[in-house]
Amino acid sequence: MKKKVITLFMAGLMVASMTASMTGCGNSDTTNGNYAKTSDVSTTETASYSCNYADSCDEGYYYEEGEFNTEEYNFIEENGFVNVAQAPLSTFAADVDTGSYCNLRRLINNGYSLANVASAIRTEEMVNYFDYIVDSTDDVFSVQYSVGECPWNPDNKLLVMTMQANSEINVTNEGNNFVFLIDTSGSMRGEDRIDLAIKSFKLLAGTLGVNDRVSIVTYSGSSQTILQGSNDYNEICKALDNLTTGGGTNGSGGISAAYDCAMENFIEGGNNRVIIASDGDMNLGITSQGGLVDLITEKKESGVFLTVLGFGQGNYSDANMESIADAGNGNYFYIDGIDEAERVLCEKMKQTTITVAKDVKFQVEFNPAEVSSYRQIGYENRQMSASDFDDDTKDGGEIGAGAQVTVCYELVMASDSEEDEDGLKYQDATLSDEAQSGELCTVSVRYKDPAADESKLIEYPLTDNGIGNAEDYNFICGIIEASMVIRESAYKGNATIDSAYRLALSGANNNKYREEFCELLVKLGADK
C-alpha cells in the first residue's frame, strides 16, 4: 500500500539544531538537498504548518527567517468504529517502536504548538514508551489487562491490554554481532546528530561481552567499512572519534554494505543486527520510501535483524526511518539526547537488541453478545487482513526480551445480539454457547521463534474483570486523550489537554518518565 507522506514546511524559523552557513554559527552543506523550499516539493500529498520562533543563536546554531522545516511523516488515517456482527476480527502486527514519543518530546521542548505536532503522533508508540506492571509467568508472553469506563466517552468502555515477553526465556545467543551503520553525510553535522550518535554508540560499545563484536560502516555519497568485527572498546571508540561529515546521502548503498558486513561476521546462534543512525534524509541511490522498504525487505531474509536510531531535526524523515524499521525485522527509536540513548542502548538493551519472538501478529475476536462495536486505538499502519494472521509468509513485528506491547480498544457494549458469522468462536448460525460465557473477546497471538519459519499460536480469553491497576490505566488514558486532542481526533469526545494531564498525573506514581510526560502536557497548555 502506498503511504501518503506529510512534509512539514515550518515557515519562518528553523528548529534548534538545523545547521546553516550563517554568521558565527558553523557551516552547512547546502548542496545536498537537505532543506527544500516550498517550490521544490510537490504539495499533492502534503500538509503545511507554520511555526514561530524567536531569532537566536544557541550552542552554535542559527535560526534564519525565511528557511523551511521539511520534516516528513507518513499520513495516518485514524481507525474508526467497526461493527462486531459484520467484522468481529481485528488483526494487526505487533509494534514495540517508541520513536514517535521521543520525537514529539523534542518538538514540544523546542516550542512547537498543538497545531504543529499532529503528524508526529502514533498513539501506540506513545503508550509503548512507558513501562507497566505485568505479573510474570513462565510462558513466552504474560498478559495484564483492565476494562473500565472510557474517560472521554463515559457511555463506552475501554479495554487496555499489556503483553510482556518473558525476559528470562531461553534464547540461544552465542554473541552479539553488531554493525553500526552511521550516516556521515553533510546533513548529519551537529551536536544533536553525528556528535550524539558517536556518544550513543560508545555507550553501547561499553556493554560488550567477550563473545561480542562490532563493525562500523559509514555512508555519505558512498559507503565505507572502517572497522571489522572488533571487540576492543578503545579501538571502537577511536574509529568513532575519527568520523567526519560531508557530501550527499546514499542510504541504500550504506544499507547494502552494512548487511554484507553483518553476513561476513555472522555468528551462528548469535544476535546479528544492523543498527542504523541517521536523520533519514536520503538523496542518492534509492531515495523513494517504497524502494528503501523493498531493499530492507530483501535484506531481512539474511537472518540479520535491524535497529533504527533517528537523530536530528529540521529535515528529519520520520517517514523513512519508521518504514524501514517495520520492513526489516526491526525496531525504531528516536534519540533526542544522551539520556534517551542510555535508556535505549543500555537500560533496555535486551529489549532493544535480543529478539525472542519475530513475526508477532495479533487477532482479537470480539463477542457480539458483549460488544456491539469497537475501535482500535493506534496501530493504524500495522493493520492486516484477517487471512494474514494464519499466513506464515506475512510479516509481523519483532519483540525483544522483556519488551511490552500495549493494545487499547474503545468498546460500545451490546445488549442482546443475534447476528452471526460462520466459522467464528462466538457466532455460528446463531450465537454459540461460548458467546454466553461472559467473555468480551479472545486475543490470539501468532509468533515465530527467532530462527524458525513456522509460527506458534497462543490464545487469551478476556472477561470484564474491571481495572487491574488504576495507576497504569489512568496514565494510559491520559496518553490516549492527549494524542486525540493533538490530532484533533473525531473520536476525542470530551477529552482536553487539561483532562489528559489530570489522568496522566494521577497515574504518574513518582516515575520520572511519567512525570516528564505530564510536564510536556503543561508546555502544551494544560492547567497545572
Side-chain angles (χ1 to χ4, degrees), residues 17 19 26 59-60 98-99 102-103 105-106 173 175-220 223-246 254-255 257-258 261-262 265 267 270-280 304-313 316 321 325 330-354 400:
S17 55
T19 55
E59 297 180 351
T98 62
C102 298
N103 189 35
R105 179 173 63 193
R106 181 261 301 181
N173 184 15
N176 294 308
N177 166 33
F178 293 143
V179 178
F180 298 168
L181 175 58
I182 305 174
D183 180 354
T184 56
S185 65
S187 67
M188 280 290 285
R189 186 178 299 126
E191 292 182 6
D192 65 332
R193 304 183 188 207
I194 191 66
D195 295 348
L196 182 56
I198 289 171
K199 293 175 183 177
S200 302
F201 280 126
K202 285 182 178 179
L203 287 175
L204 179 54
T207 68
L208 297 177
V210 295
N211 296 324
D212 301 335
R213 62 188 66 161
V214 165
S215 303
I216 300 177
V217 176
T218 64
Y219 67 94
S220 52
S223 58
Q224 181 179 6
T225 301
I226 64 172
L227 188 67
Q228 275 270 20
S230 176
N231 187 259
D232 186 322
Y233 175 76
N234 291 327
E235 184 181 27
I236 295 168
C237 290
K238 182 179 179 180
L240 290 169
D241 286 335
N242 287 333
L243 296 181
T244 59
T245 57
I255 289 168
C261 187
N265 294 278
I267 299 176
N271 174 31
N272 300 280
R273 183 173 293 267
V274 170
I275 306 176
I276 301 178
S278 175
D279 59 12
V304 176
F305 289 87
L306 178 68
T307 293
V308 176
L309 305 178
F311 292 86
Q313 52 193 312
Y316 183 66
M321 300 299 272
N331 43 37
Y332 164 48
F333 308 94
Y334 180 83
I335 307 300
D336 58 343
I338 195 63
D339 289 343
E340 184 62 24
E342 185 169 16
R343 184 178 190 267
V344 169
L345 298 176
C346 298
E347 180 184 334
K348 293 182 173 293
M349 180 183 175
K350 289 181 68 176
Q351 297 180 22
T352 305
T353 63
I354 306 295

If you round to the nearest 0.5 Å, how far is CG of N331 from CG of L309? 8.5 Å

Looking only at heavy atoms, which two atoms of E340 and D336 are closest? And how far apart? CB-OD1, 3.4 Å

Report yes or no: does T98 contribute a side-chain atom to a donor-acceptor pair with the main-chain N or O of F333 at less than 3.5 Å? no

Whether the side chain of T225 engages the backbone of L227 through a donor-acceptor N/O pair (distance < 3.5 Å, no angle test) should be reported. no

Does D241 form a salt bridge (charged side-chain N to carboxylate O under 4.0 Å, His left out) with K202? I'd like the steps, not just the answer. CA-CA 10 Å; D241 286 335; K202 285 182 178 179; 2.6 Å; yes

Quick check for you: to the nearest 0.5 Å, what is the distance between S215 atom OG and I275 atom CD1? 11.0 Å

Value rounded to 0.5 Å, distance of CD1 in I226 from CG in N242: 7.5 Å

Whether N271 side chain and T353 backbone form a donor-acceptor pair below 3.5 Å: yes

Considering only heavy atoms from C-beta outward, does the side chain of C237 approach that of N234 to under 4.5 Å? no

So do the side chains of T207 and C346 get within less than 4.5 Å of each other, counting heavy atoms only? yes

Please report the shortest heavy-atom distance between R106 and Y334, naming the atom on each side. NE-OH, 3.3 Å

With side-chain contact (heavy atoms from CB on, under 4.5 Å) as the test, would you mind laying out the steps for V274 and V217 before giving the verdict? CA-CA 10 Å; V274 170; V217 176; over 6 Å; no

Spacing of Q224 atom CD and T184 atom OG1 [to the nearest 0.5 Å]: 8.0 Å

Testing the basics here: between F311 and A277, what is the closest heavy-atom pair and its distance to 0.1 Å? CE1-CB, 3.5 Å

Closest heavy-atom pair and its distance - L204, L345: CD1-O, 3.7 Å

Is it the case that more than 12 heavy atoms not belonging to K199 sit under 6.0 Å from its NZ atom? no

Which pair of heavy atoms, one from C261 and one from Q228, lies closest together, and at what distance? SG-OE1, 3.7 Å

With no hydrogens and no angle check, is any side-chain donor or acceptor of N272 less than 3.5 Å from a backbone partner on I267? yes

Verify whether one side chain among S185 and D183 offers a donor that lies under 3.5 Å from an acceptor in the other. yes

Measure the spacing between CZ of F178 and CG of D212 and express it to the nearest 0.5 Å. 6.5 Å

Side chain of R193, backbone of Q313: donor and acceptor closer than 3.5 Å? yes

Any side-chain heavy-atom pair from K348 and R343 closer than 4.5 angstrom? yes

Have R273 and T307 got a donor and an acceptor in their side chains that come within less than 3.5 Å? yes

Answer whether the closest heavy-atom distance between the side chains of R213 and N176 falls below 4.5 Å. no

N231 side-chain N/O to G209 backbone N/O, donor-acceptor pair under 3.5 Å: yes

Determine, stepwise, if the pair V214 / F180 fulfils side-chain contact (heavy atoms from CB on, under 4.5 Å). CA-CA 7 Å; V214 165; F180 298 168; 3.6 Å; yes

Say you draw a straight line from CD1 of I194 to OG of S200; how long is it, rounded to the nearest 0.5 Å? 10.0 Å

So, N265 versus N177: side-chain donor-acceptor pair below 3.5 Å or not? no

Using every non-hydrogen atom in the two residues, find where S220 and G246 come nearest and quote the distance to one decimal. CB-O, 3.3 Å

